[in-house]
Engineer: 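Sending over a structure as structure tokens; questions will come in a sec.
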2 protein chains.
Amino acid sequence: MPTLTFKLNDHLYVRDPQHTQLGLRIISKSIEMIDELGFEQFTFKKLAHEIDSTEASIYRYFENKHRLLLYLIAWYWNWLEYRIDIFTSAVADPKEKLRACLRVIAEEKKYDPTFEFVNEEALHRIVIAELDKTYLTKGVDGYNQEGLFGGLKSLCKKISGIILQINPTYEFAPSLVSTILVTANQQLFFANHLPTLTALKADPERYQKLYNFLENMAFRSIQA
Amino acid sequence: MPTLTFKLNDHLYVRDPQHTQLGLRIISKSIEMIDELGFEQFTFKKLAHEIDSTEASIYRYFENKHRLLLYLIAWYWNWLEYRIDIFTSAVADPKEKLRACLRVIAEEKKYDPTFEFVNEEALHRIVIAELDKTYLTKGVDGYNQEGLFGGLKSLCKKISGIILQINPTYEFAPSLVSTILVTANQQLFFANHLPTLTALKADPERYQKLYNFLENMAFRSIQA
DNA sequence: CGATAAATGATAGTAATGCTATCATTTCAG
DNA sequence: CTGAAATGATAGCATTACTATCATTTATCG
């Protein structure tokens, strides 16, 4: 099986980490470490030590640790859209298309061997815990101009399009979609840490219940 | 008019800032500064300088800057619930009650002279930009045990109760409410910075449109 | 194969941050 | 008026997030 790579926005990195051994180790190990330590406790120094390299070398791939996070999360959105494309391409009915999207969004994330160097399960935990740090920063507008949020925006646009096929008069398509994308992660976080804020429980069925919640919210919101 | 104060959880502070001049200045000025600088750029050293005090003195009120943020945002949720109580107490019909809640949640936040030392407009911007930093941290579980998220949880419970009055069979009440509370802020942020992710525009009518979005989503989701 | 450039490693240094600690001074309460 | 509480002043410290420099290894290409 060929190892696929995503073409991510140039500004996310200094040197493309997908093209070298060291780059791939940086991605691989940083996912592991951010997942374990949390983004605040994670440092390039610690990462360098773990991959038997140096801080300086890592800085040759990523301008700073925030851009690395932007990179990883952009990768995640690309991966999600790639999965959504797989599961919607053969579907004609827009309602079924939307259901397929929601299934991909709500499903438990597991290691995808198509991308050897990425542990999607850990990456999903990173997205859950750190997503907001990508855009909730004084630099948003600049990042946005550089196109660093292209992955999320593209996904949002795609799903909004499907919703408008179902009901062309629905006024809030992009708001509903961004709400769904963000809340899917948030509800899983609440299930683990703030259970009073969610109807989900920290059990294996939570992904199914999350799907039910999102499907109910989406289809009822958009009905004419 | 008497100046009201909220009884906030003891663990949020070392010494209660509402009881002293210096404490009130810390609250007042920190809101201003976090709003301007963002939470990352904000430091106790800078704050000390602005209020003509010292770093050490501020540490006598707040264990660290993260607890100060928790304090401010807890205050905000208390204030929101207080406003919701005002606007729902006289209303009998649960549907109207829910509408009143959504109006308070979606409305433009303005300075409330009941609380002289708090600029609610700035505080709302802080909530929009920094809310997630209160719970998206490795320390959540500890904070939660200390009861530091009581304000948000209480609000969520109250509104969930109203929803269950409208439809006792709705399965996802707390999820819907937490989604609404979080998304209300998020959509306003997107309107200002990532407009492709929202149907709102960065204009004065955005609060009305936000209300419409939330009302549509809420009432349709919970209908039997 | 050898020369040259590119990539990486090794090491050092710096300003800022997030504290902690100590002691002196002011303010307040009984 | 006295003692305690609150505040100020100052110093210090480990860590972080970089930047800079130079040496060494590795890949590339004629």
Side-chain angles (χ1 to χ4, degrees), chain A residues 10-30 33-34 36-72 117 130 133-134 136-139 142-143, chain B residues 10-30 33-34 36-72 117 130 133-134 136-139 142-143:
Chain A
D10 286 0
H11 294 90
L12 289 166
Y13 48 79
V14 180
R15 183 160 27 257
D16 191 336
Q18 284 179 324
H19 290 357
T20 68
Q21 282 288 322
L22 180 59
L24 291 173
R25 271 190 299 147
I26 289 174
I27 294 178
S28 212
K29 199 75 193 177
S30 66
M33 292 182 75
I34 295 174
E36 275 166 27
L37 303 174
F39 185 64
E40 320 299 324
Q41 300 309 309
F42 167 81
T43 70
F44 278 2
K45 181 171 268 173
K46 291 176 187 169
L47 173 60
H49 183 253
E50 286 283 316
I51 62 177
D52 284 309
S53 179
T54 63
E55 240 182 313
S57 297
I58 296 169
Y59 275 102
R60 285 170 189 124
Y61 284 88
F62 293 99
E63 201 179 313
N64 52 52
K65 94 182 184 164
H66 193 247
R67 297 247 170 183
L68 170 57
L69 181 65
L70 284 164
Y71 181 94
L72 296 178
F117 54 101
E130 323 286 358
K133 287 170 195 158
T134 58
L136 291 177
T137 164
K138 283 285 163 187
Y143 294 144
Chain B
D10 287 0
H11 295 90
L12 289 167
Y13 48 79
V14 181
R15 187 166 15 263
D16 191 336
Q18 285 179 324
H19 289 357
T20 68
Q21 281 287 322
L22 180 59
L24 292 173
R25 272 190 298 147
I26 290 174
I27 294 177
S28 212
K29 199 73 193 179
S30 67
M33 291 183 75
I34 295 174
E36 275 167 26
L37 302 174
F39 185 65
E40 320 300 321
Q41 301 308 309
F42 166 81
T43 70
F44 278 2
K45 183 170 265 171
K46 290 177 188 170
L47 173 59
H49 182 253
E50 286 283 317
I51 61 176
D52 284 309
S53 179
T54 63
E55 237 182 316
S57 296
I58 295 169
Y59 275 103
R60 283 170 190 127
Y61 283 89
F62 292 100
E63 200 179 314
N64 53 51
K65 89 179 187 166
H66 193 248
R67 297 248 170 180
L68 170 56
L69 182 65
L70 285 164
Y71 180 93
L72 296 177
F117 55 100
E130 324 286 358
K133 288 170 195 158
T134 58
L136 291 177
T137 165
K138 284 284 163 187
Y143 293 145

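First the proteins, then the strands, lettered A, B, ... as listed; each starts at 1.
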Engineer: What is the distance, to the nearest angstrom, from the CD atom on A:Gln21 to the C1' atom on C:dG9?
Structural biologist: 17 Å
Engineer: Which residues in residues 49-65 of chain B have a heavy atom closer than 4.0 Å to any atom of DNA chain D?
Structural biologist: B:Asp52, B:Ser53, B:Thr54, B:Ala56, B:Ser57, B:Arg60, B:Tyr61
Engineer: Taking NZ, NE, NH1 and NH2 as the nitrogens, is one of them in B:Glu40 or B:Lys133 under 4.0 Å from a carboxylate oxygen of the other?
Structural biologist: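 So B:Glu40 pairs with B:Lys133 through a salt bridge.
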Engineer: Can you tell me how far CG of A:Asp52 sits from CZ of A:Arg25, rounded to the nearest 0.5 angstrom?
Structural biologist: 7.0 Å
Engineer: Mind checking whether B:Ile58 and B:Leu68 have side chains closer than 4.5 Å, heavy atoms only?
Structural biologist: no
Engineer: Tell me the interatomic distance from B:Phe44, atom CZ, to D:dG8, atom C1', rounded to whole angstroms.
Structural biologist: 17 Å
Engineer: Are A:Tyr143 and A:Thr137 close enough that a side-chain donor and a side-chain acceptor fall under 3.5 Å?
Structural biologist: no
Engineer: For B:Gly23 and A:Lys45, take the nucleotide of DNA chain D holding the closest heavy atom to each; which residue's nucleotide lies nearer the 5' end?
Structural biologist: B:Gly23
Engineer: Hey, is the side chain of B:Arg15 poking within less than 4.0 Å of OP1 or OP2 on D:dT7, counting only N and O atoms?
Structural biologist: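 Answer is yes, contact under 4.0 Å.
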Engineer: Taking atom C1' of D:dC18 as reference, at what distance in whole Å does atom NE2 of A:His66 sit?
Structural biologist: 16 Å
Engineer: Are A:Pro17 and A:Ile26 close enough that some pair of their side-chain heavy atoms sits under 4.5 Å apart?
Structural biologist: no
Engineer: Send over the distance from A:Leu24 CG to C:dA7 C1', rounded to a whole Å.
Structural biologist: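 Spelled out: CG on A:Leu24 to C1' on C:dA7 is 15 Å.
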Engineer: Could you state the interatomic distance from CE (B:Met33) to NE2 (B:His49), rounded to the nearest 0.5 Å?
Structural biologist: 9.5 Å
Engineer: Taking atom P of C:dT17 as reference, at what distance in whole Å does atom CG of B:Leu68 sit?
Structural biologist: 16 Å
Engineer: Expressed as a whole number of angstroms, how long is the span from A:Ile26:CD1 to C:dT8:C1'?
Structural biologist: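 The answer, rounded to whole Å, is 11 Å.
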Engineer: Report the distance from atom CZ of A:Phe42 to atom P of D:dT15, rounded to the nearest whole Å.
Structural biologist: 18 Å
Engineer: May I have the distance from A:His19 (atom NE2) to C:dA7 (atom P), rounded to whole angstrom?
Structural biologist: 12 Å
